[in-house]
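Sharing a structure, written as structure tokens. Questions coming.
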Amino acid sequence: MTLKWLAVVVAVVSVTSCVTGNVVVGVVDGGQLPLVVNLFALITAGTAVVLAVVAELHDRLNDRVSALTEFLVARLNEIEAHTGDRNTGFVEGYLLSHGQEAAVVPFGRRGRGAAER
């Protein structure tokens, strides 16, 4: 059972036991359960409801992040497929036009201006 549904069950059981206890004591004795018991039941139910809401929001956020991740992976694969084809053709054309002895010439050092020549 997931955390969300477990929290819902705890909240329902807590409220039900509080109401049932108050009804039974009210019918038999004409009073109510002690304040500490009622507060404990209400605090337990409130905490369980908040936990259930947070668990639901976490599930929704996790689903959205998963969907976004799948979309980005698909888009990046598509971009890579198109870019890889273009770069491969460019490199092959460059090598064919310059021959195998085409050397890579490094750029000059940076930082030298026209006044230093």
Side-chain angles (χ1 to χ4, degrees):
M1 193 182 318
T2 63
L3 178 64
K4 174 180 69 173
W5 292 112
L6 184 64
V8 169
V9 168
V10 167
V12 168
V13 168
S14 177
V15 169
T16 304
S17 66
C18 179
V19 169
T20 304
N22 281 322
V23 168
V24 168
V25 170
V27 169
V28 172
D29 215 8
Q32 64 180 9
L33 286 176
L35 181 64
V36 174
V37 176
N38 285 333
L39 285 177
F40 179 73
L42 292 177
I43 288 172
T44 303
T47 304
V49 167
V50 168
L51 185 62
V53 168
V54 169
E56 174 65 20
L57 292 175
H58 181 268
D59 286 344
R60 288 184 182 191
L61 180 65
N62 194 22
D63 291 342
R64 286 185 180 192
V65 168
S66 296
L68 179 63
T69 302
E70 291 173 5
F71 171 75
L72 287 175
V73 166
R75 183 69 177 133
L76 288 173
N77 285 338
E78 179 183 330
I79 290 171
E80 181 184 14
H82 291 298
T83 304
D85 293 340
R86 291 184 187 135
N87 286 341
T88 302
F90 174 76
V91 171
E92 288 175 357
Y94 177 80
L95 290 176
L96 287 174
S97 69
H98 288 84
Q100 291 293 354
E101 56 277 340
V104 176
V105 180
F107 288 121
R109 287 183 34 198
R110 289 188 177 195
R112 292 191 297 185
E116 294 180 17
R117 291 185 191 174

Task: Rounded distance (nearest 0.5 Å) linking atom CD of E56 with atom CG of D59 - done: 6.0 Å
- [ ] List, by chain and number, the other hydrophobic cluster members for F40, where Ile, Leu, Val, Met, Phe, Trp and Tyr join if side-chain heavy atoms come within less than 4.5 Å, directly or indirectly.
- [x] none
Task: Nearest non-hydrogen partners of T44 and S14, listed with the distance - done: CB-OG, 3.7 Å
Task: Non-hydrogen atoms of V12 and T16 that approach each other most closely - done: O-OG1, 2.6 Å
Open item on the list: If I take atom CG from residue D63 and atom CG from residue L68, how far apart are they, to the nearest 0.5 angstrom?
Closed with: 12.5 Å
Task: For the student: nearest non-hydrogen atoms of A45 and A11, plus distance - done: O-CB, 3.9 Å
Open item on the list: Hydrophobic cluster membership, with links at side-chain heavy-atom distances under 4.5 Å among I/L/V/M/F/W/Y: are V37 and V25 in one?
Closed with: yes
Task: For the student: nearest non-hydrogen atoms of N22 and L33, plus distance - done: OD1-N, 3.1 Å
Open item on the list: Is any side-chain heavy atom of L57 closer than 4.5 Å to one of L61?
Closed with: no
Task: Results of salt bridge (Lys or Arg N to Asp or Glu O under 4.0 Å) for E78 - residues two or more places apart only - done: R75
TODO: Would you give the length of the straight line joining atom CG of L76 to atom CG of L72, rounded to the nearest 0.5 angstrom?
DONE: 6.0 Å
Open item on the list: Taking V73's backbone N and O only, do any of them form a donor-acceptor pair with N77's side chain (distance below 3.5 Å, no angle check)?
Closed with: yes
